[in-house]
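In this text the structure is predicted, and so the values were computed from the model without any measurement. Any value given below was found using the heavy atoms of this structure, including those in side chains, with hydrogens, waters and symmetry copies removed. Atoms within each ligand, like the ligands themselves, are counted from 1 in listed order.
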Amino acid sequence: MPTWPRIPRWTTLRQSLKMARDPIGNLNRLLAAHGDTVRLYLGGVRDSVVTRDPALAQHILQKSHRRYVKSDLTHGLLRYLGRGLLTNEGADWLRQRRLIQPGFHRQRLAGLTRLMRAVADEWVAELEAQVGPRGSAVLDVHPAATRVAFRVVARSVFGSSLGEEQLQLLSDWLTAIQAFYVGTIRQPYLRPWHWVRGRYDHHDELARRLRQLVLAAVGRHRAATAAAHPGTPAPDDLLQMLLEARYEDTGAAMPENQLLDELNILLVAGHETSANALAWACYLLARHPEAQAQLLAEIERELPLGRAPEFEDLSRLPYALQVVQETMRLYPPAWVLDRVATEADEFQGQAIAPGTLFSIYLYGLHHHPSLWPESEAFRPTRFAPGAAPAPPAFGYLPFGSGPRLCVGNQFALTELQLVLVQLVRRFRLALAEEAAPTLNPLVTLRPGGELPLRFERR
Ligand code: HEM
């Protein structure tokens, strides 16, 4: 029976600072040295199995998913964000998923495309103003991408019920909460210190304010709909869909507390991930001018004379999609997924005890040298229909897999394709510095510091 190699506790304790500083570099080294699945102590204290084995990922996420739930690493977010789709489990999760999923169906996305495009155009105009009359400037692309991604999801959820200032507050508070939360996971031995310094209280307070802000936006949305002239079509946003949705079993609407939790979760799950994917896509296009030229040629062919893209156009822009897919291979925004076994299980003869914690290391899967030829090269056409070799099954999981697959995956792909198209037709992106950016894996995979790119008006 194979046994997964164990990295001794003293080694991980000794390396825990290094691991906190550069988890990806350290995990890559460990897995290259010991095999695709290893046992180690996260943060020097937490026994965990880390894997970049596609078969084990499939086993946990799909084949044997009933025996696994997310761990307290995800459930810990409950304290700040509540019990929404991402943090929920079991029958309650399934009931919510059934209620919410129709909001992300194709025909609803088609409606949201116009809204996304409006946000993208506003953003590109803002970049043009920043670039100014000289027509070229160096901008940090990560905060810029965060602005547009947050606006896309916030406007898709709330329509016009949130003002600019409230949007900014929401974004700032969510970022602060996530950064603090990840810090407490990575360096658990600092928890007493955070507690003494009142940092838990501070972030609890931010979470309370966040909830109040979201509640007020729901109130404004309800009031605006109630005051609308009879015959005015209901808003096309996700909040309206959630307000109108009824449970299959009882026919009741979602209770308000649950609604607030779901809204919080949609905002969190739906903006940082897309922002990171967009920032990394811009960086990769700047680094690979030939790919950028190919993308522009596709856009000019399919959308001549600057025609605005509609939902139906996106399927005629396959290279734009491939750029997004390859970006998320090299820089998976969700770089690790956590699961814990709720009962005894077995994988390829290896017994799995109840309580075993797994970290499914998506970054490791996506860079695995035996799954991907020239795994470090940026080659969007790997994802072209009929490409040989085809992307490996369960070797590419940017949106997870199985029943907990990202509910917003089509939303995100649509958004990313649209925003990139509107950006690249107006700007040429170029590197502002040669050095490769460092990685900062928080809940999502961000660039380590600034990600400066030269934006040149076309
Ligand atoms: C590039 C963008 C995105 C990436 C890479 C991404 C990735 C993921 C992944 C990997 C999961 C599964 C987590 C797990 O199994 O532990 C997930 C779940 C989820 N995502 Fe996304 N996501 C993205 C965009 C979005 C957007 C735009 C939304 C909503 C507007 C969203 C909402 C959610 C929700 C609600 C869940 C929980 C689903 C459930 O468990 O039922 N995501 N996402």
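- Listed by number with element, the atoms of ligand 1 under 4.0 Å from a non-hydrogen atom of Met328 are 1 (C).
- Taking the six-membered ring wherever Trp is involved, the centroid distance between the rings of Tyr331 and Trp280 falls below 6.0 Å.
- Among all non-hydrogen protein atoms, the one lying nearest atom 24 (C) of ligand 1 is Thr273 OG1, 3.5 Å.
- At the shortest separation from atom 39 (C) of ligand 1 among protein heavy atoms lies Arg97 NH1, 3.3 Å.
- For the pair Asp22 and Arg29, the tightest heavy-atom approach, listed with the atom from each and the gap, is OD2-NH2, 4.1 Å.
- Ring geometry for His366 against Trp372 counts as perpendicular: the plane angle is over 60°, on a 0 to 90° scale with 30° as the lower cut.
- For ligand 1, the atoms lying closer than 4.0 Å to a non-hydrogen atom of Val153 are 30 (C).
- Nearest to atom 26 (C) of ligand 1 among the protein's heavy atoms is Gly270 CA, 3.3 Å.
- Taking every non-hydrogen atom of Trp93 and a distance limit under 4.0 Å, the qualifying atoms of ligand 1 come out as 39 (C), 40 (O), 41 (O).
- At the top of the distance list for atom 40 (O) of ligand 1, counting protein heavy atoms only, stands Arg404 NE, 2.7 Å.
- For ligand 1, the atoms sitting less than 4.0 Å from at least one non-hydrogen atom of Pro333 are 5 (C), numbered in the order shown with element in parentheses.
- At a heavy-atom cutoff of 4.0 Å, ligand 1 is contacted by both the backbone and the side chain of Leu86.
- Ion pair Asp338/Lys70 not flagged as a salt bridge, since none of the NZ, NE, NH1 or NH2 atoms sits closer than 4.0 Å to an Asp/Glu carboxylate oxygen.
- Scanning the protein for heavy atoms near atom 35 (C) of ligand 1, the closest one is Val407 CG1, 3.6 Å.
- Ion pairing between a basic and an acidic side chain is recognised when a charged N comes within 4.0 Å of a carboxylate O; Glu126 and Arg147 show such pairing.
- For Arg339, the closest heavy-atom approach to ligand 1 falls below 4.0 Å.
- Ligand-side atoms of ligand 1 in range of Ala334: 10 (C), range being under 4.0 angstrom from any heavy atom.
- Closest of all the heavy-atom pairs between Ala341 and Ala353 is CB-O, 3.8 Å.
- Looking only at protein heavy atoms, the nearest one to atom 20 (N) of ligand 1 is Cys406 SG, 3.2 Å.
- Checked by atom type, the side-chain pair Gln258/Glu262 shows a donor-acceptor distance below 3.5 Å.
- Using modelled atom types, one finds a donor on one side chain and an acceptor on the other under 3.5 Å when comparing Gln422 with Arg425.
- Checking Ala269, Gly103, Ser156, Ala149 against atom 33 (C) of ligand 1, the nearest heavy atom belongs to Ala269.
- At the shortest separation from atom 5 (C) of ligand 1 among protein heavy atoms lies Pro398 O, 3.5 Å.
- When ring centroids are compared, Phe158 and His221 stay outside the 6.0 Å threshold.
- For atom 27 (C) of ligand 1, the nearest non-hydrogen atom from the set Tyr331, Tyr68, Trp335, Phe411 belongs to Phe411.
- A salt bridge links Glu310 with Arg117: the distance from a Lys NZ or Arg NE/NH1/NH2 to an Asp or Glu carboxylate oxygen falls below 4.0 Å.
- For Glu374, the CD atom counts as loosely surrounded, since its 6.0 Å shell holds 12 or fewer non-hydrogen atoms of other residues, nucleotides or ligands.
- The nearest heavy-atom contact from the protein to atom 6 (C) of ligand 1 is Phe399 CD2, 3.6 Å.
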